[in-house]
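Right, one structure below, let's go through it.
Proteins get letters first, then strands, A, B, ... in listed order; numbering begins at 1 in each.
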Amino acid sequence: MNRSQTEIIEHVFETLQNHFGCFEWWLNEAPFEVMMGAILVQNTNWNNAEKALTNLAEHCSPQGIAALPLEKLAERIRPSGYYNQKALKLKALTQWYEGYNYDIALVKQVEQSLLRQELLAIKGIGGETADAILVYATHKPSFVIDAYARRILSRNGVKVPKRYDDFQQLVEQAIPRQTELYAYYHGLIVEHGQQFCRPKPKCDGCPLLPTCLGPDVAS
DNA sequence: GTCCTGTGAC
DNA sequence: GTCACAGGAC
């Protein structure tokens, strides 16, 4: 059993797809809320990020964020953690978006790798957040790599590259380059990472049990 | 090393 | 009740 990296990755996604079935993930949400969500969910779970979004209520638009004083903004997004940092990040994001007149159609016109560069230049947006915005807000095929993907794939025998971009490339070359697929597969990863493949794994009923090397494989 | 909260285990 | 832990970016 010496499968290639690509074969393992294909096998993992196929198995997860069979287990969890099809579902829509994020592709129909309002673009700016997706962008905010991508920042608010950093270093926390979606539950906390959602509380922050709920607290923002009617300010949940680029104009709303721009108009809200930094301290007020921080106060509202408190439940997501690192709220002072994240308030600055949301401001930076909004300022960048203002350059496009808050028009997602204009953003979508930018070529993918160029747009990724632009997003990465915004303070507080790293690889993962940039890719989440690319897929779920602009519908460009950029695969989101996260802690779950690292954990799940390394536990199943993938020699996971340390650098984000290298890992992303490895995953992207293993699956067809389609936005819907990227969006859905990342959803599968998140779902599985939360239900089964936690740092201290819940292996009972895990669909990947037959190929899993256990929780302690060096990634 | 720093930034922070919510949860779940004890 | 305390407290370790999960979770990205700079």
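- Rounded to whole Å, atom P of C:dA4 lies 12 Å from atom NZ of A:Lys200.
- Of the residues in residues 116-125 of chain A, A:Ile122, A:Lys123, A:Gly124, A:Ile125 come within less than 4.0 Å of DNA chain C through at least one heavy atom, sorted by number.
- Residue contacts for A:Tyr164: at a heavy-atom cut-off of 4.0 Å it reaches no nucleic acid atom on any strand shown.
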*With the sugar-phosphate defined as primed atoms, P, OP1 and OP2, and the base as all remaining atoms, what B/S/- string results for nucleotides 5-10 of chain B, 5' to 3', for protein heavy atoms under 4.0 Å?*
SSS---
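- Using cut-offs of 30° and 60° for the angle between ring planes, the A:Phe143 and A:Phe13 rings count as perpendicular.
- Among residues at least two apart or in separate chains, ring pair (Phe, Tyr, Trp, His ring centres under 6.0 Å) pairs with a member in residues 42-89 of chain A are A:Trp26-A:Trp46.
- No hydrogens or angles considered: a donor-acceptor pair under 3.5 Å links the side chains of A:Gln194 and A:Tyr148.
- Counting any heavy atom pair closer than 4.0 Å across all strands shown, A:Asp146 reaches no nucleic acid atom.
- Screening residues 176-188 of chain A for salt bridge (Lys or Arg N to Asp or Glu O under 4.0 Å) gives A:Glu172-A:Arg177 as the qualifying pairs, with residues at least two apart or on separate chains.
- Residues meeting the side-chain contact (heavy atoms from CB on, under 4.5 Å) test with A:Thr179, sequence neighbours left out: A:Leu27, A:Val135, A:His139, A:Pro141.
- Between A:Ile77 atom CD1 and B:dC4 atom C1' the separation is 11 Å, expressed in whole Å.
- In this pair, A:His192 and A:Phe196 present their aromatic rings tilted. The plane angle is within the 30 to 60° band.
- A:Lys86 has its NZ atom 10 Å from the P atom of C:dA9, to the nearest Å.
- Hydrophobic cluster membership of A:Leu88, counting Ile, Leu, Val, Met, Phe, Trp and Tyr whose side-chain heavy atoms lie under 4.5 Å apart directly or via other members: A:Leu70.
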